[in-house]
Amino acid sequence: MIVIMASNWATSFAGFARAFSTSSSRMVKARKYLMVTHFQGEPKKTDLKLVEEELPSLADGEFLCKAKYLSVDPYMRPYMMRYPVGSLMIGSQVAEIVESKSSKFPVGKLVVGSFGWRDYTISDDKESENKPYILPDFGDLSPSLGLGVLGMPGNTAYFGFLEICRPKPNETVVITGAAGAVGSHVGQIAKLKGCRVIGFAGSDEKCNWLKNQMGFDYAYNYKKVNPDQALKESAHKGVDCYFDNVGGELSSAIINRMNTFGRISVCGAISVYNTDISKMPKVPILQPTFVFNQLKMEGFLVTRWLNRWNEGIGQNLKWIKEGKLKHKETVTDGFENMFEAFTSMLRGENTGKAIVKV
Ligand code: NAP
């Protein structure tokens, strides 16, 4: 189980001392996780190796970042299969700039960067698609939200739902992976748009949270219910929009109950991320449903809206400040617990956004 606690000063001091071990010549040792074996099934601890490397002095335009919060996300599981053994585990983090030779990235600022699973990183201010950005001002809110509701997952919910499902008031919206970072956010946007909202999540506790705290009209534990029966009860007029985080049989059952001109936003397929490709589940033929109900299904990557990134963050921040958007984090303490945070998220032990606090 994940432990939610604040990091203690001794750990912080030890990290500081380790990094800046001499005052005359700076010597920074970074820790990073390499994938030493491709994952098979659920990732194993031995698939990763934590190594140290000494970082060089900064060149012009470079800056040194110290990780404060790291994200663990479902996409890391399938994406790492594309990389060769020995690659750095991918991922983003909120980090503090502790040394800089760039006027654009001054010391003391927080950045969001795709630096991977590492505690110290040298980055630079060159233009690139994946360049780090200075964390916007969230006021009193935790900077960690830059990895969740006010970052990539928040923009996934905002753009992936609104641009693809285009929900209208009084329509029925179904969301799978509903108690996670993206799903819990989509459901709240759907309520703001005047929709009837139905979620599927993996425990009774999560379902109660969705109904009692997040404003969902119905929430079902997909491990216990027959989805068809559940939707007969909650979506008796059919489903207009489906935000699909999981794929598989559950998604097929939902798609089979969609109305004419229904819209499906395909965000992810976490139900099969740990599955051997040769053993993928066989799902029913959906083509007749698509034809007769004239359905539209569209996959997306949130990076499609990189040019509108700040619009998404700005709107989500506004909703939070107006009390219209709630968020929850499941925080694991300690960089050395990255693996546990990652696999417990894949197992469904998180509610809301899973992050690691360094
Ligand atoms: P998340 O939902 O916070 O965490 C993952 C959740 O997946 C777990 O808590 C677990 O909850 C659920 N899960 C695990 N195994 C499952 C299974 N076999 N069947 C159904 N649910 C299962 O993660 P997130 O960051 O919000 O991501 C949600 C989805 O969005 C993922 O598929 C991810 O890949 C996708 N995504 C896509 C984009 C994009 O650009 N397209 C961007 C971000 C995220 P339960 O307890 O409910 O099982």
Side-chain angles (χ1 to χ4, degrees), residues 1-2 41-43 70-81 90-92 114 145 147-149 151-161 163-165 174-189 199-210 214 216 219-225 227 242-254 264-275 279-281 283 297-306 309 312 327-332 341-356:
M1 200 47 211
I2 292 167
E42 183 171 315
L70 292 104
S71 188
V72 283
D73 297 272
Y75 75 84
M76 294 166 177
R77 170 64 182 85
Y79 269 56
M80 283 310 294
M81 303 307 280
I90 51 174
S92 55
S114 300
L145 301 190
L147 299 175
V149 67
M152 184 279 282
N155 278 353
T156 302
Y158 178 77
F159 293 114
F161 177 54
E163 293 294 331
I164 293 177
C165 286
V174 176
I175 301 148
T176 45
V182 176
S184 61
H185 192 151
V186 170
Q188 295 181 82
I189 297 177
F200 285 89
S203 73
D204 293 347
E205 198 184 348
K206 287 184 180 186
C207 291
N208 288 335
W209 176 71
L210 289 171
M214 309 307 268
F216 281 52
Y220 298 103
N221 181 345
Y222 68 86
K223 293 175 183 166
K224 283 186 178 173
V225 300
Y242 171 38
F243 193 90
D244 186 1
N245 279 317
V246 305
E249 288 177 27
L250 177 57
S251 286
S252 299
I254 295 164
I264 304 152
S265 177
V266 185
C267 179
I270 196 166
S271 71
V272 293
Y273 288 175
N274 279 336
T275 307
K279 294 182 188 136
M280 286 287 182
V283 293
M297 183 175 192
E298 184 175 342
F300 71 92
L301 288 173
V302 64
T303 45
R304 190 194 299 188
W305 297 285
L306 270 182
W309 206 250
H327 53 86
K328 186 167 182 169
E329 293 177 325
T330 299
V331 183
T332 301
F342 177 50
T343 47
S344 69
M345 177 276 300
L346 290 174
R347 281 195 299 270
E349 288 167 17
N350 63 306
T351 303
K353 180 71 189 103
I355 58 162
V356 172

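Note that ligands are numbered from 1 as they come in the structure, with each ligand's atoms numbered from 1 the same way. In this text, all values refer to a predicted model and were calculated from it rather than measured experimentally. Sequential numbering from 1 along the given sequence is applied to the chain's residues.
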Report summary line: Test side chain to side chain contact (heavy atoms under 4.5 Å, CB included), reference Phe200, set Val225, Ile175, Leu210, Asn221, output is Val225
**Report entry** Heavy-atom closest pair, residues Gly177 and Val246
**Finding:** N-CG1, 3.7 Å
Query raised in the report: Does Tyr158 have its ring centroid less than 6.0 Å away from the ring centroid of Trp305?
Result: no
Query raised in the report: Looking only at heavy atoms, is any part of Tyr222 under 4.0 Å from ligand 1, and if so is it the side chain, the backbone, or both, or is it neither?
Result: side chain
Requested in this report: Tell me yes or no: between the side chains of Ser184 and Lys353, is some donor less than 3.5 Å from an acceptor?
Outcome: no
Query raised in the report: Using heavy atoms and a threshold below 4.0 Å, how should the contact between Ala269 and ligand 1 be classified: side chain, backbone, both, or neither?
Result: backbone
Requested in this report: Run down the list Asp73, Ile270, Leu346 and name the one with the heavy atom closest to atom 6 (C) of ligand 1.
Outcome: Ile270
Query raised in the report: Which one holds for Met152 and ligand 1: side chain close, backbone close, both close, or neither close, with close meaning a heavy atom under 4.0 Å?
Result: side chain
Report task. Tell me, please: is Ala179 in heavy-atom contact with ligand 1, that is, under 4.0 Å? Result -> no
Query - Any N or O of Tyr273 closer than 3.5 Å to N or O of ligand 1 - result: yes
**Report entry** Nearest atoms (heavy-atom pairs only) where Asp244 meets Ser251
**Finding:** OD1-OG, 2.8 Å
Query raised in the report: Is it true that Arg304 and Glu298 have a side-chain N and a carboxylate O under 4.0 angstrom from each other?
Result: yes
Query raised in the report: Is any N or O atom of Gly268, backbone or side chain, closer than 3.5 Å to an N or O atom of ligand 1?
Result: no
**Report entry** Proximity winner for atom 38 (C) of ligand 1, if only heavy atoms of Thr156, Thr330, Val302, Leu210 are counted
**Finding:** Thr156
Query raised in the report: Does the N or O separation between Cys267 and ligand 1 drop below 3.5 Å for any pair?
Result: yes
Query - ligand 1 contact on Lys206 by region, counting heavy-atom pairs under 4.0 Å - result: side chain
Query - Contact check: Ala181 vs ligand 1, nitrogen or oxygen atoms, below 3.5 angstrom - result: yes
Query raised in the report: Would you say ligand 1 has an N or O under 3.5 Å from any N or O of Asn350?
Result: yes
Query - Any donor-acceptor N/O pair, Arg347 side chain to Glu42 backbone, under 3.5 Å - result: no
Report task. Can you figure out which of Val182, Val272, Asn245 has its heavy atom closest to atom 29 (C) of ligand 1? Result -> Asn245
Report summary line: Of Thr332, Val72, Val356, the one forming a side chain to side chain contact (heavy atoms under 4.5 Å, CB included) with Phe342 is Val72
Report task. Identify the heavy atoms of Cys165 and Tyr242 that sit nearest to each other, and give their distance. Result -> SG-O, 4.0 Å
